[in-house]
Engineer: 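There's a structure below that I have some questions on.
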Amino acid sequence: MSLITPRTLKGFRDYVPSSMMPRERLIETAKRVYRSYGFSPIDTPALEYLEVLQGKGSDETDRQLYQFVDHGGRAVGLRFDLTVPLARFVAQHASELGMPFKRYHVATVWRGENTQRGRYREFMQCDFDTIGTQSVVADIETALVIHDLMLAIGFDQFTICVNNRLVLNGLLEKLGLAAQATAILRALDKLAKIGAENVLEEMQQQAQATRAQAQQVLQLAALRGTADEVLQQLDTILAGSANGAAGAESLRQVLSGVRAAGVPDTRVKLDLSIARGLDYYTGTIFETYLGPLPTIGSVCSGGRYDNLAGLFTKQHLPGIGASLGLDRLLAAMEELGMVEKVATPASVLLTYFAPDHLPAYLQLAAQLRAAGLRVELYPEAKRLGQQLKYADQRGFRVALVAGDDEWARRTCQVKDLRTGESQEVNLDPDAEPVAQAIHAILSSDLPAPEEH
RNA sequence: GUGGAUGUAGCUCAGCUGGUUAGAGCACUGGAUUGUGGAUCCAGGUGUCGGGGGUUCGAAUCCCCUCAUCCACCCCA
């Protein structure tokens, strides 16, 4: 009989415990930060009617859509982001949700594009959005959530780049380039990557702009100085454009709001060259880059869209939100050595080598779990050295050793696997002294207990 | 989707323009050590040389196809 080769599809991956545990921890961190701002969880189906998904982004996103005909003859597709399903969701449930509506959504999305480092065909996004308000407070909070999120994950060097589509659109209107806005912005977005000269070329070729027009667009992106200085220069450049002025004013409020909340200027920066590819953004836009690893791309991006659900409902639903690229972020953390190699969620291994006392082992493990500890009982009475080696390699923090002698004395050895030190502790009453000794070891290497 | 590179042990990698019976360092298993891990020593699995087909007396090596990974374009998280 011939065996089937075990394999996974291109861009799709398995997650072994040592990669799944940091992944789950990251998800928990993101959810905790979202909840701290009052965002509530939702979920939607992976599969949607094709008409719900199609034609919402660019032609490119349509090409990347996984689509097929289901058993009932329906044209369906796998969601390629969480924003389009949100639009459908909000349009369908607006009356029972109430506005403004703040939700987070952590789920898998699929894109049939070519793979690269940090780019997969199946990956997870952690979105949060505020729907139903045009207040700049929502824009400010979006930036603050991204900021808190990056800090909570463990980064201290990162940059949240902020821009506003109205500023760009305002300039393009003044230059008579409004019709070619998409092509112009797409070229501008590549500034950091391909340089000014190439961007000028592309704007002329792809967007039929004159060289003078293209240079004026680039001039905007080249403004230097503090945010305040740049905004001041913007006012003169955009003079006469209502859209441009509104965009500049919004940027001013976002930046000062973020500063008022205590975020240092080094972390939130005005960057007039970021444009975002997705067409539905209409106001503030965000991109987040890691200081030590900018080449992996933006790990958290988003922006304001003033008519999210226009294709699904006549109700006007503005919104703003952002998406954390969980898998891209994990790829970066892996590369930066920020992922701890631990293969067990438990911290205590109860070694086992006196089978006559099995009931006592089981009772001790149960008592410790009741005290809130994660305890694994080794299933075989193998040599103690081997069990300790297992504990060491899996990343256990504490090993418990009890054999005939200890059971007779009603004690148990509590071994700190990091220092190698062992202490003999009384089992009675209810294994409480043992639990306390373990807690003491565990708390010794937690600098700040996390709040839940 | 287009173009380029790569694929040898669990991992990181040698292997000359076809030629005896395939390698190194860590990781893995057992023993020296029937109750105290990371070390040392010995013994050893370390292998469809990505997969399939072709050329050849003979293919890890050459050719074709295929799959996967990485890079660039495109796009984006």
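Scope of the values below: all heavy atoms of this structure, side chains included, with no hydrogens, waters or symmetry mates. Below, read A as the first sequence line, B as the second, and so on, with proteins coming before strands; counting in each chain starts at 1.
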Engineer: Could you list the protein-to-nucleotides 38-44 of chain B atom pairs, N/O on both sides, closer than 3.5 Å?
Structural biologist:
{"unit_1": "B:G38", "atom_1": "O6", "unit_2": "A:L417", "atom_2": "O", "d": "3.3"}
{"unit_1": "B:G38", "atom_1": "N2", "unit_2": "A:D392", "atom_2": "OD1", "d": "3.1"}

Engineer: Got a sec, which pairs hit side chain to side chain donor-acceptor pair (under 3.5 Å) with one end in residues 424-439 of chain A, sequence neighbours left out?
Structural biologist: A:R409-A:E424, A:R410-A:D428, A:T411-A:E424
Engineer: Report the residue (A:I194 or A:V299) whose heavy-atom-nearest nucleotide on RNA chain B is the more 5′ of the two.
Structural biologist: A:I194
Engineer: Grab the N/O contacts between the protein and nucleotides 65-72 of chain B below 3.5 Å, and write none if there aren't any.
Structural biologist:
{"unit_1": "B:A68", "atom_1": "OP1", "unit_2": "A:K10", "atom_2": "N", "d": "3.1"}
{"unit_1": "B:U69", "atom_1": "OP1", "unit_2": "A:G11", "atom_2": "N", "d": "2.9"}
{"unit_1": "B:C71", "atom_1": "OP1", "unit_2": "A:R117", "atom_2": "NE", "d": "3.3"}
{"unit_1": "B:C71", "atom_1": "OP2", "unit_2": "A:R117", "atom_2": "N", "d": "2.6"}
{"unit_1": "B:A72", "atom_1": "OP2", "unit_2": "A:Q116", "atom_2": "OE1", "d": "3.1"}

Engineer: Return each pair, listed once, that meets side chain to side chain donor-acceptor pair (under 3.5 Å) where at least one residue sits in residues 136-146 of chain A; pairs must be two or more places apart or across chains.
Structural biologist: A:K102-A:E141, A:D139-A:T284, A:D139-A:R304
Engineer: For the base of B:C76, is there a side-chain donor-acceptor partner from A:R111 under 3.5 Å away?
Structural biologist: no
Engineer: Checking A:Q206 now: which residues fulfil side chain to side chain donor-acceptor pair (under 3.5 Å) with it, not counting sequence neighbours?
Structural biologist: none
Engineer: In chain order, what residues pass the side chain to side chain donor-acceptor pair (under 3.5 Å) check against A:N169, with sequence neighbours excluded?
Structural biologist: none
Engineer: Can you tell me how far P in B:A59 sits from the matching atom in B:C49, rounded to whole Å?
Structural biologist: 12 Å
Engineer: Extract the stems that RNA chain B is part of, considering only consecutive pairing runs of at least three Watson-Crick or G-U wobble pairs, both distances under 3.5 Å.
Structural biologist: B:1-7 with B:67-73, B:10-13 with B:23-26, B:30-32 with B:40-42, B:50-54 with B:62-66
Engineer: Not counting sequence neighbours, which residues clear side chain to side chain donor-acceptor pair (under 3.5 Å) with A:Y305? List them please.
Structural biologist: A:D129
Engineer: Have a look at A:D404 and say if it touches a base, only the backbone sugar-phosphate, or nothing, with a 4.0 Å heavy-atom cut-off.
Structural biologist: base
Engineer: Near RNA chain B, counting only heavy atoms under 4.0 Å, which residues of residues 347-364 of chain A show up?
Structural biologist: A:F353
Engineer: Taking only the P atom of each, what is the distance from B:G25 to B:C71 in whole angstrom?
Structural biologist: 31 Å
Engineer: Below 4.0 angstrom from OP1 or OP2 of B:C73, is there any side-chain N or O of A:K190?
Structural biologist: no
Engineer: Which part of the nucleic acid, if any, lies within reach of A:V401 when heavy atoms closer than 4.0 Å are counted: base, sugar-phosphate only, or nothing?
Structural biologist: base
Engineer: Within the 4.0 Å heavy-atom criterion, would you say A:G403 contacts the bases, only the backbone, or no part of the nucleic acid?
Structural biologist: base
Engineer: Would you say the base of B:G35 and the side-chain of A:Q387 have a donor-acceptor pair closer than 3.5 Å?
Structural biologist: no
Engineer: Considering every strand and a 4.0 Å limit on heavy-atom distances, what is the contact class for A:Q386: base, sugar-phosphate, or nothing?
Structural biologist: sugar-phosphate
Engineer: Work out how far the P atom of B:G38 is from that of B:G53, and round it to whole angstrom.
Structural biologist: 47 Å
Engineer: Suppose we screen for side chain to side chain donor-acceptor pair (under 3.5 Å). Which residues come up paired with A:W110, at least two apart in sequence or across chains?
Structural biologist: A:E122
Engineer: Restricting to ring pair (Phe, Tyr, Trp, His ring centres under 6.0 Å), what partner residues turn up for A:F396, sequence neighbours left out?
Structural biologist: none
Engineer: Suppose you measure atom C1' in B:A72 against the same atom in B:U17; what distance do you get, rounded to whole Å?
Structural biologist: 31 Å
Engineer: Can you name the residues that form a ring pair (Phe, Tyr, Trp, His ring centres under 6.0 Å) with A:F89, not counting sequence neighbours?
Structural biologist: A:H93
Engineer: So what does A:E406 hit on the nucleic acid, given a heavy-atom distance under 4.0 Å: a base, only sugar-phosphate, or nothing?
Structural biologist: base
